[in-house]
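Below: the structure, in structure tokens.
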Amino acid sequence: MVEKAGQAIVMEPPCFRSSIAAVEEYLKGAALPVAGVVAAYHMAGASFGKGARVYVTRAAEEYGHSGGGRALIDNFTQAFGEDFDGSIYTVTDYLKAGKAVVSGVELEIIPTAEAFDIGIPEMGAVYTHMLGHDCHSIVPGPQGAKAMIAQLEGCLERGFTMVLTSHYAPEDQGYVEEKLAYLRQLEGMARECKDRESFKRMAGERYPDYQGENNLDMTAGFFFP
């Protein structure tokens with residue numbers, strides 16, 4: 001969330017009802033109206049920020065309404081029931097790659113394989129869906145790994161000093177470099193291994209302190225379908 005000129009621009013809406021209530025309470029206490037919702041990877045949670053303009057790229061709309069993002073929404077709705085707000089936002093404004101201004105806030109829209117990252121030049125920051133330097137990532141196979149590596153290399157090239165995500169605390173350039181090394185290691189392990197189990201075993205041995213074993217399970221499935 002970016003606060004400017006007495007209003008809030010929300011980068012990725014909250015999806016769980018408890019999170020929606022917490023953010024709404026904060027905004028009410030701070031007297032900050034929601035001027036816009038920029039929905040990159042999360043299109044659910046449409047009960048939040050009703051009446052605000054919703055900014056999305058065409059690719060992100062497809063991802064969230066009918067692609068992989070929609071599949072995740074359906075899975076979460078089934079898994080969490082009423083705790084999860086599975087309602088999907090209706091887009092009011094379409095973004096294109098490059099510079100954009102949303103309610104007075106300058107952004108950089110950076111297309112990715114699924115949707116888009118959001119550069120916030122005033123803060124020297126970029127929002128991306130996931131980083132988590134000490135967590136296993138969901139890596140959708142060899143081509144997915146290459147796309148993620150290119151995406152993170154782009155963050156470094158643009159000089160962003162802070163990385164904001166939906167699933168972790170703020171991280172810095174050093175953590176981006178750690179994740180790049182991890183992704184390159186995964187590529188090499190996938191070439192060395194013959195099946196999912198040997199791949200998971202090797203990853204567990206090389207990264208014994210990493211969280212997110214379920215993510216590693218999914219990655220193994222993508223590399224060894």
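The backbone N or O of Val54 sits less than 3.5 Å from a side-chain atom of Thr92, completing a donor-acceptor pair. The backbone N or O of Tyr175 sits less than 3.5 Å from a side-chain atom of Asp172, completing a donor-acceptor pair. Without hydrogens or angle criteria, Glu12 side chain to Ser166 main chain gives no donor-acceptor distance under 3.5 Å. Here the side chain of His65 pairs a donor or acceptor atom with the backbone of Tyr89 at under 3.5 angstrom. No donor-acceptor pair under 3.5 Å is formed between the side chain of Glu106 and the backbone N or O of Glu122. In this structure a side-chain-to-backbone donor-acceptor pair under 3.5 Å is present from Thr219 to Val139. With hydrogens and angles ignored, the 3.5 Å screen pairs no side-chain donor or acceptor of Thr165 with any backbone N or O of Leu131.
Geometrically, Arg17 does not engage Phe84 in a cation-pi contact defined by less than 6.0 Å to the ring centre and at most 45° from the axis.
Two rings, from Tyr210 and Tyr182, have their centers less than 6.0 Å apart.
At a threshold of 4.0 Å, the pair Glu62-Arg70 does not count as salt-bridged, since none of the basic side-chain nitrogens sits closer than that to a carboxylate oxygen. Ionic pairing of Asp93 and Arg53 is present here: one or more N-O contacts between side-chain nitrogen and carboxylate oxygen are shorter than 4.0 angstrom. Under a 4.0 Å N-O distance rule, the pair Glu192/Arg206 qualifies as a salt bridge. The existence of a salt bridge linking Lys179 and Glu171 is excluded, since no basic side-chain nitrogen approaches an acidic carboxylate oxygen closer than 4.0 Å. A salt bridge links Glu153 to Arg184: one of the charged nitrogens lies within less than 4.0 Å of a carboxylate oxygen.
Here the closest heavy-atom approach between residue Tyr168 and residue Asp134 is recorded as OH-OD1, 2.5 Å.
Contact annotation: the side chain of Asp85 never approaches that of Cys15 to less than 4.5 Å [non-hydrogen atoms, C-beta and beyond].
Sparse packing is recorded around CZ of Phe76, with 12 or fewer heavy atoms of other residues, nucleotides or ligands lying under 6.0 Å away.
Remark: Ala220 pairs with Arg196, Phe199, Lys200 by the side chain to side chain contact (heavy atoms under 4.5 Å, CB included) rule, at least two apart or across chains.
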Legend entry - Asp83/Ser18 under side-chain contact (heavy atoms from CB on, under 4.5 Å): CA gap, chis, key distance, verdict: CA-CA 7 Å; Asp83 291 338; Ser18 58; over 6 Å; no
